[in-house]
Amino acid sequence: MIEKNYQPADIEGRMSLIWEDSRAFSAGRPDRRDARPFTIVIPPPNVTGSLHMGHALNNTLQDILCRFERMRGRDVLWQPGTDHAGIATQMVVERQLMERQQPGRREMGRAKFLERVWQWKAESGGVIVNQLKRLGASCDWSRERFTMDEGLSRAVVKVFVELHREGLIYKDKRLVNWDPKLLTAISDLEVQQVEVKGSLWYLRYPLAGITFNPEDPMSYIVVATTRPETMLGDGAVAVHPDDERYSHLVGKHVILPLVGRRIPIVADEYSDPEKGSGAVKVTPAHDFNDFEVGRRHSLPQISVLDQEARINLVGNEDYLHGLPEGSMQLAEELHGLDRFAARKQIVARLEDFGFLDRIEPNVHMVPHGDRSGVIIEPYLTDQWYVDAKTLAQPAIAAVRSGATTFVPKNWEKTYFEWMENIQPWCISRQLWWGHQIPAWYGPDGKVFVAETEEEAVGNALGYYVEQEVITPEQGREMALDRNKRAGFITRDEDVLDTWFSSALWPFSTLGWPDETPEVKRYYPTDVLVTGWDIIFFWVARMMMMGLHFMKEAPFSTVYIHRLVRDEKGAKMSKSKGNVIDPLGVIDDYGADALRFALARGAAHSHDIKLSPQLVETNRNFATKLWNACRFAEMNDCVVPAGFDPTKARDTLNRWIAHETARATREVTEAIEAYRFNDAANAIYRFVWNVYCDWYLELAKPVLMGEEGVAKTETRAMVAWARDEILKLLHPFMPFITEELWGVTSKRDGLLALAPWSRKPSLTPEQLAMMSTATINDPLMPPVLLAFDAAEFTDTSAEAEIGWVVDLVTAIRSVRAEMNIAPATLTPLVLAGASDETRERVPRWSDVIRRMARLADISFADRPPEGAVQLLVRGEVAALPLKGVIDLSAEKARLDKELAKAEADIKRVDAKLSNEKFVANAPEEIVEEEKEKREAAEARKARILEALERLKNAA
RNA sequence: GGGCGCGUAGCUCAGCGGGAGAGCACCUCGUUGACAUCGAGGGGGUCACAGGUUCGAUCCCUGUCGCGCCCA
């Protein structure tokens with residue numbers, strides 16, 4: 001029994017348990033051992049995360065694909081899991097410690113802190129997984145993975161060690177993006193350029209050997225800078241080689257104000273004559289461009305900041321080197337100041353001594369950390385890098401060759417753009433939570449990289465014994481006793497960028513580096529579904545790692561979807577307060593409604609604008625389906641064993657078989673093309689505007705009528721089409737469809753595992769098998785034998801029902817226009833009806849009378865006087881409403897129709913009289929136009945007749 | 001500065017070479033036995049602008065304007 005009211009919350013709670021108990025989503029089910037696998041790896045959400053609309057969209061789309069392919073008979077693995085999210089998680093736990101006024105991370109020490117993070121993960125790390133289940137995600141939850149799992153960690157270490165051995169991972173001292181709040185390096189991608197209103201300071205640098213005089217421009221050179229405080233670390237002044245204003249100064253020196261360092265004036269194309277004064281200060285240790293300039297001119301790299309971006313001068317050898325007596329005083333005064341406080345001080349001092357030329361307002365881009373939000377400092381440190389340029393080559397080639405394709409294809413351009421200009425990837429992070437880098441150092445700083453500590457220590461001790469740094473005896477002792485080697489061999493403290501482990505996700509989750517059956521069966525995966533914002537972070541890196549270690553691209557298709565925005569198109573954000581919580585929406589309207597709203601909006605080239613009202617609309621659709629199924633149940637509609645819809649006799653039933661087949665093809669083809677919106681809209685239209693509005697309404701007289709062959713067949717067909725609807729809709733609205741599937745009939749199994757009604761396009765292997773196998777061959781894939789009604793068509797049924805629909809619609813329309821009360825039943829006269837129409841009427845009179853509110857239907861040679869005359873498919877249907885209708889209103893209506901017909905004729909004539917059109921247009925188009933003209937002429941003739949009769953009546 | 005995308009009904013968007021479409025909103029009517037979370041009907045658009053290609057352009061090309069995003 002179907003409940004009277006649709007209650008999504010009740011259904012969804014129960015259904016999750018049913019799917020879980022039946023292990024419906026398990027990959028490698030025994031009954032699918034011979035099926036083709038279909039694999040998607042989930043973009044692992046942060047373990048700290050909770051479900052937002054972006055997740056809801058992303059996972060809805062993946063689930064649609066997985067459920068679709070599962071129904072098409074594939075052995076589906078949707079691999080779930082979460083990401084350890086280095087910085088984010090460490091921040092969450094540190095904040096928690098602070099809130100509870102417990103000892104902080106540093107007081108605790110590394111081991112204790114990590115224990116604490118794991119504890120946090122055990123308690124609250126699973127939140128998002130449960131939220132995904134509420135959305136209906138049909139992942140194989142038994143295979144859930146975490147990037148810090150033992151197995152995945154082994155994969156990370158192995159990849160690091162191998163890439164290091166191949167020279168594709170190396171340690172380098174260069175400028176990194178340094179986050180002075182989180183005290184770690186971050187990669188280029190984690191930096192966001194933000195437009196900031198700042199200033200451009202023009203500073204006077206005195207020329208060496210000339211007495212500085214603020215009044216004498218010949219005694220100094222003006223440089224422009226956005227960061228005056230870094231002048232302490234300047235190594236040169238650069239001017240453009242072609243800039244004649246300065247050419248006489250190239251090779252000369254300036255004396256750095258306040259500091260007293262003598263630095264050269266160099267010619268370098270980096271300096272832009274158009275910008276500022278045309279001369280720039282060069283600070284190799286604090287600016288990426290200056291770093292390159294410094295390399296070209298062999299300038300010293302003088303870092304003047306510490307890790308927290310405070311001025312660091314006392315005891316700073318690089319800074320103090322070669323400075324005149326007395327500069328210690330300045331160093332001591334500035335030492336320890338924050339970079340922005342120091343800026344003020346330094347500018348003030350420069351001004352005091354006449355070194356400040358002027359200040360101009362200046363808008364420029366300033367790098368900010370995407371996690372901390374603070375201004376990033378280019379900072380000179382030792383970090384580990386991946387040689388991305390080398391790894392990118394096969395990854396570029398794979399997309400060029402089509403081994404992997406992006407949908408929509410435009411994204412390939414973005415991918416190439418980035419990949420072809422890729423920079424070394426900084427992978428070390430000065431954090432605790434993450435995969436600690438498997439590198440150990442000896443007392444002289446020599447690096448030993450190995451998969452285990454034992455191996456690394458062994459190598460190191462062997463080396464130092466050989467070098468006679470230690471004796472063999474000491475080596476043995478150190479090898480056996482960790483305490484003995486402490487201080488001699490130390491492990492790298494840093495951990496790897498979270499995205500390093502994510503890059504391995506498509507194979508590490510399958511058990512690699514072990515040679516598991518899962519790796520063999522499910523790699524490479526079929527499709528990756530993700531947002532464009534992580535193409536660089538994740539997609540590109542998976543491509544690189546997958547191709548390098550597995551020799552095959554990790555997925556053949558990358559489907560890129562757009563963002564979910566609020567109803568006004570603004571990005572959802574906590575600060576704006578416009579966030580729609582998917583779980584709240586699920587509570588209010590059900591997961592199915594949310595999913596369907598998202599799917600219907602998922603067009604290729606637009607972000608999705610979502611509002612609660614939109615979800616409500618889709619909940620209403622679910623209710624409509626619910627009630628249609630109740631109607632079927634109330635009329636005892638069931639599908640008899642062995643029922644074949646293509647063998648139906650009744651026209652209406654053949655018509656719905658035809659329409660169902662059409663909808664099935666549309667939905668199938670749209671999902672195959674990742675056009676989720678088209679698929680969802682096709683099924684929406686079919687359910688509401690075809691099945692409910694017409695089929696069920698037209699079937700009512702039969703269902704209410706007496707028992708007989710027609711009624712039996714109609715009952716079967718109502719139920720059959722309903723089942724087809726449930727199947728087509730299941731990938732989009734899994735909960736309600738599974739519930740209705742279960743309660744409407746005794747079923748062999750779950751809808752989630754029921755066969756899709758359109759055969760998948762055959763693989764070459766399957767085609768080969770078909771040519772050698774016979775129908776009874778046990779090797780024949782069952783899916784090929786599945787009954788396939790999706791190819792069924794019946795154009796004559798389509799024409800006949802089309803006529804009924806048009807007739808009813810036309811009568812309804814004119815009745816509404818004429819303000820005829822629904823309670824008033826009017827007669828219908830079919831004038832000059834063809835044999836076909838005369839034949840059809842007895843079959844449909846009940847229906848037409850009921851739907852068009854008619855008293856009776858009769859035939860006549862000509863329409864009665866004063867009747868409203870409608871044109872339906874070229875014939876006149878007359879409603880004798882003399883006295884009821886306003887004749888002038890009817891004349892106005894007919895005049896409008898006439899004008900329309902004449903306009904049509906005119907337009908077609910214009911075409912047909914154009915010789916070039918007739919000569920150049922395809923024959924069928926010309927033929928079509930001629931037919932259109934004939935039809936319009938016929939209409940015009942009928943309307944003129946009708947007007948004539950109207951005149952007579954008046 | 002480079003790249004990508006978008007400008008179609010009041011709103012959100014389909015359509016992308018041969019008669020302008022949907023959903024929502026709006027207006028009118030409706031207690032017909034699945035459904036008022038509903039049914040029936042209706043109004044509403046020089047398809048941003050200007051050129052070009054074509055027998056024919058909302059659709060293809062070029063340019064202009066406006067909006068959004070990414071990279072420097």
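By convention in this document, chain letters (A, B, ...) are assigned in the order of the sequence lines, proteins followed by strands, and residues within each chain are numbered from 1. Note: hydrogens, waters and symmetry copies are ignored here, and every other heavy atom, side chains too, is used.
When distances run from any side-chain atom of A:P822 to the nucleotides B:G30, B:G18, B:C55, the shortest one goes to B:G30. Distances were taken from every side-chain heavy atom of A:Y684 (C-beta onward) to each of B:A40, B:G43, B:G23; the shortest belongs to B:G23. Residue A:R630 places its side chain closer to B:C35 than to any other of B:C55, B:C70, B:C35. Each of B:G39, B:A34, B:G18 was ranked by its minimum atom distance to the side chain of A:W688; first place goes to B:G39. Taking every side-chain heavy atom of A:Q613 into account, B:A25 is the closest of B:U37, B:U32, B:A25. Distance from the side chain of A:R812 is smallest for B:G41 among the nucleotides B:C55, B:G5, B:G41. Closest approach to the A:N410 side chain among B:C55, B:G41, B:C4 is made by B:C4 (side chain taken as heavy atoms from C-beta onward). Of the candidate nucleotides B:G18, B:G3, B:A40, B:A40 has the atom lying nearest to any side-chain atom of A:D693. If you check B:A72, B:G19, B:A34 against the side chain of A:K911, the one that comes closest is B:G19. Of the candidate nucleotides B:G18, B:C55, B:U37, B:C55 has the atom lying nearest to any side-chain atom of A:N920.
Put simply, CD1 on A:I560 is 14 Å from C1' on B:G5, counting in whole angstrom units. Taking atom CG of residue A:N618 and atom C1' of nucleotide B:A22, one finds them 13 Å apart after rounding to whole Å. Spacing between atom CG of A:D272 and atom P of B:G1 amounts to 13 Å, rounded to whole angstrom units. For the pair A:E927 CD and B:G18 P, the interatomic distance rounds to 19 Å; values are reported in whole Å. Atom P of nucleotide B:C4 and atom CZ of A:F536 are separated by 13 Å, given to the nearest angstrom. Counting to the nearest Å, the C1' atom of B:A34 and the CG atom of A:N620 are 15 Å from each other. The interatomic distance linking A:K916 (NZ) with B:A57 (P) rounds to 13 Å, in whole Å. Rounded to an integer number of Å, the gap from A:I534 CD1 to B:C70 P is 15 Å.
Distance check on atom P: B:C27 versus B:C49 gives 30 Å, rounded to whole Å. For the C1' atoms, the distance linking B:A9 with B:C47 amounts to 10 Å, nearest Å. Across the C1' atoms, B:G44 and B:C71 are found 43 Å apart, a figure rounded to whole Å. Across B:G42 and B:U37, the matching P atoms stand 24 Å from one another, rounded to whole Å. Here the separation of B:C11 from B:G51, taken at their P atoms, is 27 Å to the nearest Å. Separation of the P atoms belonging to B:G19 and B:G23 is 22 Å when rounded to the nearest angstrom. Nucleotides B:A48 and B:C65 have their C1' atoms positioned 8 Å apart, rounded to a whole Å. Here the separation of B:G15 from B:G7, taken at their C1' atoms, is 15 Å to the nearest Å.
Taking the six-membered ring for Trp, A:Y559 and A:F676 have ring centres closer than 6.0 Å. A centroid separation of 6.0 Å or more is found between the aromatic rings of A:Y415 and A:W411.
When heavy atoms are screened at a 4.0 angstrom cut-off, A:N5 is found touching no nucleic acid atom at all. Contacts of A:S813 with the nucleic acid, taken as non-hydrogen atoms under 4.0 Å apart, involve only primed sugar atoms and P, OP1 or OP2. Residue-level contact check: A:K932 touches the bases, meaning some heavy atom is under 4.0 Å from a base atom. A:E928 comes within contact range of no nucleotide atom at all, as no heavy-atom separation falls under 4.0 Å. Across all strands, A:C692 comes closer than 4.0 Å to base atoms (heavy-atom distances). Here A:W532 lies in heavy-atom contact (under 4.0 Å) with sugar-phosphate atoms only. When heavy atoms are screened at a 4.0 angstrom cut-off, A:A919 is found touching no nucleic acid atom at all. Counting any heavy atom pair closer than 4.0 Å across all strands shown, A:R815 reaches no nucleic acid atom. When heavy atoms are screened at a 4.0 angstrom cut-off, A:T809 is found touching the sugar-phosphate backbone but no base atom.
Exactly one residue among A:R933, A:K911, A:R939, A:K932 makes a salt bridge (Lys or Arg N to Asp or Glu O under 4.0 Å) with A:D904. That residue is A:R939.
Toward the 5′ end of RNA chain B lies the nearest nucleotide of A:V908, the other residue of the pair A:V908 and A:T617 mapping further downstream. When each of A:V918 and A:Q193 is assigned the nucleotide of RNA chain B with its nearest heavy atom, A:V918 is the one assigned upstream, toward the 5' end.
When Watson-Crick and G-U wobble pairs are counted only if both distances are under 3.5 Å, B:G39 pairs with B:C29. If you check B:C49 for Watson-Crick or wobble pairing at under 3.5 angstrom, you find it paired to B:G63. In this structure B:A22 sits in a base pair with B:U12, meeting the Watson-Crick or G-U test at under 3.5 Å. Shown here, B:G68 forms a base pair with B:C4; the pair counts as Watson-Crick or G-U wobble because both key distances fall under 3.5 Å. If you check B:U58 for Watson-Crick or wobble pairing at under 3.5 angstrom, you find it has no partner at all.
Residue A:K624 places a side-chain atom within donor-acceptor reach of the base of B:C35, judged by atom type and a 3.5 Å distance cut-off alone. Judged by atom type and distance alone, A:E697 does not reach the base of B:A40 through any side-chain donor-acceptor pair under 3.5 Å. Side chain A:K4 to base B:A34: no donor-acceptor pair is found below 3.5 Å.
Close to B:C29, at under 4.0 Å from its OP1 or OP2, lies no side-chain N or O of A:N819.
Salt bridge status for A:R850 with A:E697: present, with a side-chain N to carboxylate O gap under 4.0 Å. The existence of a salt bridge linking A:K940 and A:E902 is confirmed by a sub-4.0 Å separation between a basic side-chain nitrogen and an acidic carboxylate oxygen.
Taking CG of A:D287 as the reference point, atom CZ of A:F291 lies at 11.0 Å (rounded to 0.5 Å).
Side chains of A:N653 and A:Y695: a donor-acceptor N/O pair is present below 3.5 angstrom, by distance only. There is no side-chain donor-acceptor pair under 3.5 Å between A:R715 and A:N635.
Taking the centre and axis of the six-membered ring of A:F406, the NZ or CZ atom of A:K413 falls outside the cone set by 45° and 6.0 Å.
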